[in-house]
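Here is how names work: the chains are called A, B, and so on, in the same order as the sequence lines, proteins then strands, and each is numbered from 1.
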Amino acid sequence: MSPVESSPPASPTPAPAAPPTPAPVDMVDRSCRWPVMILVALATGWLVTAGILAVLAAVKLHAPGMLANYAWLTYGRVQPAAWNAFVFGFASLAGLAMALWMTARLSGAPLRGGGYIILGGFVWHAGVKLGLLGILAGETTGFEGLELPPFTVPILLAGYLLIAPWTLLTFARRARPESYISQWHLIAALLVFPWVFVAGHLAVSYLPLRGVLQAAAQAWYLQNLHVLWLGFLGLAAVFYFVPKITGAAVPSRSLALFGFWTLTVFGGLAGMTRYSGGPFPAWMTSLAVVAGVLTLFPVYAVAVNLGSALRGQAARVRGSVVLWFIVFAWLAFVAGGVLAAVNSLASVREITQFTLFTPGLDQLTVLGVCGMALQGALYFIVPRLLGVPWPAPLLARLHFFLAAAAVLVLAVAFLAGGVAQGLALNNPDLGFIQVVGRYLPFAATGTLAHLLWLGGAALFAVNLILALVVCGRRAAQPAVRALWTPAPTEVEA
Amino acid sequence: MKHGPLLFLGVLSTVLASWLGAVVAPHFQIGNEEPVPIDELGINYPLDRPGDAKQGARVYRAQGCNYCHTQQVRQEPLLADLFLTDPGTNTTALRAALAVARPDLVAADATALPDPLPSPLLSHVSFTLADQAMRRLTNAGARVELTPANVSADIRRGWGVRRTVARDYLRDQPVMLGQVRFGPDLANLGARQTNAMRLLLKLYNARIEMPGSPMPRYPYLFEERKLRPGRAPSPEALGGFGFNPPPGIEIVPRPEALQLVAYLLSLKADTLFYEAYMPGAKPAVIPAPAGDTNAPPAPGPTP
């Protein structure tokens, strides 16, 4: 098994004896090998690309003169390019890869549709690439989070439809009748994503709604993307790997069920917090405040349930890099959930609106929950698919510290900077250039955070390349040896 | 999974419900809004933007200006102050009206009327309540003055005279409200800044006028041309406001820069109508001279 794991993974619940018998684990992994690894490789490329773009955007925020002569590198293009590369390049591809593997494992059935999945992976990859080129060329839609040019939406959707249904089709042939908490989150995420993605783009590009309703649709889309796609992918990983690696089951299934449904219902409604006090009917933001505060229920459920699962497991957690990432993602989810609920209150929003607080909270979800959980999942999945341990386990540990530091620095700087910026904005005696002076040091700290994150991503990429080389060499050895060994007929002759 | 269909239908209906609640319901409420006729000005507000400004909105979008600039002015639910400026002659009617608006004043001493003038009657009450009291007192022959009590920081900064409402954006596609203010709000830029040259210089290099500004330079929206003897310099070339191009060179804005500036100058959300009423606010009919986004804040619309 993997060197990253100190102990062999234990199954969360023993498979029932009922027929049909679950396929052996190595057979399931063999069926996943090519499709999942290709998605992982593409995702890793995007992880590094997104990191480079994010560093560039962060630098440009406080050094506006840098590379200013290139239109395609202006802040207003690099910033959305970085976000889209991460969300649609890395998080979505890695999330799909994890969903395929996890479904196959939990169903006890080999993954079906390998060829379609590989094709879908490349179609999706091409769609993201075209979308990014479009953004850098200035062909964006003008809505944060929906920047992908309209023509790439059908390409991405086609890629998605080539990949995602195979989770459901594999699931339909499952050998284990019971459902797992992680599966609920995965299936919900996979069902919700195409609907949210298409509805969001329809409402702003293809059949644009009137006036500010476009922004209302955008807020709805962003909220659902954050909670029900990125958040649920992260939670699926957390709910899968914590019991898997510690060997201790999640204590309360009903609490998890309660958390799952409350998050599905309230999470998607809290979007208008983004535009509270904006040019909308007042009830829209009031609804978002109520929903935002009610999301404290699922946050509490996730905190308590996994908190008790992890109690007394310090030794297991210490020994597994995968769990480091997963536990960090869990903590980020709880912290981000509480902060988001507080931030939905009108009195708090009065200060934090239009400040660094908003991107800070978004990054805590995107990088802290989804990014960390998926990277942890990849550290578990890849060695099992390649059949070789991570060649440089030290790099994996270093990756965790860099990534965790990046998220912490980014969240603390942006959240604190947001409050400083908001207080200054609300004080009309300060000229705007003085407001700039208040937030700029915090914004500049973002550069450090993104550099740390990029460093971690690069270490992961190096580790993956080394693993692929080791795996490839091992696979090629018999063939190469056969090339140099004289054929028996020649010896006899 | 025993409850597979339940999960499937449950998740889909939840997302459908949030879509209905967050997008479709508002669509039925404000999706059919039309421009509102404003008789005094003889216009239908909001006005359609001129063609070059529409082109400029595309330049604005392509440069991603909305990642640093918002286009929305906030005003939390409006509170009002009410002052009595002239009690009039009909004391009985006034006392009856005051008995409703300020029962404590009349109850304390049946003969006393508020004195001296102007006398504060209501402070930090909801606008509707103050408006009702104003009507009642005016009908009693008194004169009163209603002023906003909680003018938001946005308005005191001079970023607008009133909050922005849904109708302001009827003609925009896309609507670029923005989420972060790394730069000032632009909802009323055209009302406070009317000098195209200053905006062009700001786009060329914001630090010329405002050292320390984090705004990116957009040199690619301009063209550097060598000045040749015998050829007249371009009338559009950048100049003034302390900007001196390198000798022998003129900086000429490309069409995109001119379109973007036309768009910025068209950004105005200061027309007052019933939906966006702000007592004491006056739209900037005569724009402030050389207003500047970074200038010290304009005095609020105080009485």
Most contacts with chain A, counted as non-hydrogen pairs under 4.5 angstrom, among B/Ala153, B/Gly178, B/Ala62: B/Ala62
B/Gln179 side chain to B/Thr70 side chain, donor-acceptor N/O pair below 3.5 angstrom: no
Which atoms of A/Ala137 approach chain B - backbone, side chain, both or neither, heavy atom under 4.5 Å: neither
Residue pair B/Tyr60 / B/Gln55, side-chain donor-acceptor N/O under 3.5 Å: no
Top contributor to chain B contacts, counting heavy-atom pairs under 4.5 Å, from A/Ala71, A/Ala68, A/Gly268: A/Ala71
Toward chain A, the part of B/Thr14 with a non-hydrogen atom under 4.5 Å: side chain
Over all atoms of both residues, closest heavy-atom pair of A/Ala291 and A/Ala270: CB-N, 4.0 Å
Segment of A/Gln223 engaging chain B (4.5 angstrom heavy-atom cut-off): neither
Pair A/Arg438-A/Thr355, side-chain donor/acceptor within less than 3.5 Å: no
B/Asn66/B/Arg61 under side chain to side chain donor-acceptor pair (under 3.5 Å): CA gap, chis, key distance, verdict: CA-CA 7 Å; B/Asn66 53 316; B/Arg61 186 196 66 193; over 6 Å; no
Contact winner vs chain B - A/Phe280, A/Trp195, A/Tyr221, heavy-atom pairs under 4.5 Å: A/Trp195
Interchain contact, B/Glu76 with chain A, by part (heavy-atom threshold 4.5 Å): side chain
Option in B/Asp172, B/Leu177, B/Leu170 with maximal non-hydrogen atom pairs under 4.5 Å from chain A: B/Leu177
Selection from A/Gln434, A/Met66, A/Glu144 maximising heavy-atom pairs under 4.5 Å formed with chain B: A/Glu144
Output field: ring centroids A/Phe414/A/Phe442 closer than 6.0 Å: no
Residue A/Met272 versus chain B: region with a heavy atom under 4.5 Å: neither
Interface moiety of A/Leu228 toward chain B, non-hydrogen atoms closer than 4.5 Å: side chain
Under 4.5 Å from any heavy atom of chain B - which part of A/Asn69: both
CD1-OG1 distance between A/Ile187 and A/Thr103, expressed to the nearest 0.5 angstrom: 6.5 Å
Between B/Pro216, B/Gly10, B/Pro26, B/Ser152, the one whose heavy-atom pairs under 4.5 Å with chain A are most numerous: B/Pro26
Toward chain A, the part of B/Leu16 with a non-hydrogen atom under 4.5 Å: both
Closest approach of B/Tyr45 to B/Ala269 (non-hydrogen atoms, all atoms of both residues): OH-CA, 3.4 Å
Any donor-acceptor N or O pair under 3.5 Å, side chains B/Ser266, B/Arg49: yes
A/Arg253 and A/Leu257: CA distance, side-chain angles, deciding distance, side chain to side chain contact (heavy atoms under 4.5 Å, CB included) verdict: CA-CA 6 Å; A/Arg253 222 179 123 84; A/Leu257 195 63; over 6 Å; no
Electrostatic pair A/Asp362-A/Arg274, nearest N-O below 4.0 angstrom: yes
Top contributor to chain B contacts, counting heavy-atom pairs under 4.5 Å, from A/Pro279, A/Gly138, A/Gly65, A/Ala199: A/Pro279
Within the 6.0 Å centroid threshold, strictly below: B/Tyr67 and A/Tyr75: no
Choice from A/Phe260, A/Phe357, A/Trp283 maximising heavy atom contacts with chain B below 4.5 Å: A/Trp283
Toward chain A, the part of B/Gln63 with a non-hydrogen atom under 4.5 Å: both
Short N-O contact, B/Glu223 and B/Arg225, less than 4.0 angstrom: yes
Partner chain A: residue of B/Pro214, B/Gly64, B/Ala22 with the largest heavy-atom pair count (under 4.5 Å): B/Pro214
Best-contacting candidate, B/Ala17, B/Ser13, B/Gly183, against chain A by heavy atom pairs under 4.5 angstrom: B/Gly183
Contact class of A/Val265 relative to chain B, heavy atoms under 4.5 angstrom: both
Side chain to side chain donor-acceptor pair (under 3.5 Å) partner of B/Arg162, the single match among B/Asn188, B/Thr271, B/Asp168: B/Asp168
Salt bridge present between B/Glu34 and A/Arg210 (N-O < 4.0 angstrom): yes
Which atoms of A/Thr140 approach chain B - backbone, side chain, both or neither, heavy atom under 4.5 Å: both
Chain B contacts, top residue of A/Thr74, A/Val435, A/Thr358, A/Leu269 (heavy-atom pairs, under 4.5 Å): A/Thr74
Engaged part of B/Val15 at the chain A interface, taking heavy atoms whose separation is under 4.5 Å: both
Contacting region of B/Arg171 [heavy-atom separation from chain A under 4.5 Å]: neither
Most chain A-contacting option - heavy-atom pairs closer than 4.5 Å, from B/Met176, B/Gln29, B/Met215, B/Arg167: B/Gln29
Region of B/Arg163 in contact with chain A, defined by heavy-atom distances below 4.5 Å: side chain
